[in-house]
Amino acid sequence: MPTFNNVCSVPSSFWLTGIPGLESWHIWLSIPFGSMYLVAVVGNITILVVVRVERSLHQPMYFFLCMLAVIDLVLSTSTMPKLLAIFWFGAGNIGLDACLWQMFLIHCFATVESGIFLAMAFDRYVAICNPLRHSMVLTQAVVGRLGLAALLRGVLYIGPLPLMIRLRLPLYKTQVISHSYCEHMAVVALTCGDSRVNNVYGLSIGFLVLILDSMAIAASYVMIFRAVLGLATHEARLKTLGTCGSHICAILIFYVPIAVSSLIHRFGHHVPPPIHTLLANFYLLIPPILNPVVYAVRTKQIRERLLQILKTGTKIK
């Protein structure tokens, strides 16, 4: 790894260290990380293909699931290939513009994913609390507009982050980023100028996305549970709640790692740096890996279609 003097300068590139403190383990760490990335890519592409070919899955919930699959592919692919290159070849160098683009993609699509979960909660609310109007309210056009709104919100919220760094903070104390990717706070910590505006804006966006979205989702499920408790039989309640099971699991898979990573980043000053970086990577990898598994296991139509594809492939062989 190259060394750089601790003098303020305008860099053309940065150096990503990978997992700081575990450099000697990089080649071994590449095995689980590479395997997880492969599982995430195969799983999410499989979900996209199954929903595309199975007409019975052309419903709002599965369209949102396809949006999640695309987002998870972007999130994992924006970080994992570079991380594996660091592990295998020591290729830690990344251009300034490429670093800012990576930062934008990671934070933007994490914000978009939160917006899609919010839209899915609205879909479940309408499906359970007002089932007769579900097909009229959640048309394909409305689903598309909700997905576009989530994307635009992500761009508008996160777009200023790399721009403020590029325009307000051009000087850096060092070019070495003690991280495996260009995370916003990791880059801002290297700057020589006053970074308070960047820090406040980043925290505000985190609050708007993580807290307000999760509160809105929780409110929708309170109303859903109230509607379910009003059903006549225990079997009907279980069947109705079963339609929400996959969504609740996916929400927990997404928000819990982010919340834990954020809390440790803000308050876990005594936590070793490798733990910080590993958790930051896991929250970008765990949802892409587990979302397809959760929906494949808990959704009958997806499970049956996958089994049918596997049986067909076996017969051909």
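Checked against side chain to side chain contact (heavy atoms under 4.5 Å, CB included), S9 has no partners two or more places apart in sequence or in another chain. With sequence neighbours left out, the side-chain hydrogen bond (donor to acceptor under 3.5 Å, both in side chains) criterion links S13 to N93. When the side-chain hydrogen bond (donor to acceptor under 3.5 Å, both in side chains) test is applied to Y37, the partners found at least two apart in sequence or on another chain are T77. For W28, the side-chain hydrogen bond (donor to acceptor under 3.5 Å, both in side chains) criterion is met by no residue, not counting sequence neighbours. Applying the disulfide (SG to SG under 2.5 Å) criterion to C99, with sequence neighbours excluded, gives C182. Annotation: side chain to side chain contact (heavy atoms under 4.5 Å, CB included) contacts of T191 (sequence neighbours excluded): L169, Y172, V188, S195. Listed by chain and residue number, C8 satisfy the disulfide (SG to SG under 2.5 Å) test with C192 (two or more places apart in sequence, or in another chain). Not counting sequence neighbours, Y283 has no partner by the side-chain hydrogen bond (donor to acceptor under 3.5 Å, both in side chains) test. Under the rule for a side chain to side chain contact (heavy atoms under 4.5 Å, CB included), the partners of L48 that lie at least two apart in sequence or sit in another chain are C66, A69, V70, L73.
Pairs engaging residues 116-147 under the ring-ring contact (aromatic ring centres under 6.0 Å, His included) rule: F117-F254 [sequence neighbours left out]. Within the structure, the salt bridge (charged side-chain N to carboxylate O under 4.0 Å, His left out) test picks out the following pairs touching residues 31-60 (sequence neighbours left out): E54-R305. Screening residues 91-112 for salt bridge (charged side-chain N to carboxylate O under 4.0 Å, His left out) gives D97-R166 as the qualifying pairs, with residues at least two apart or on separate chains.
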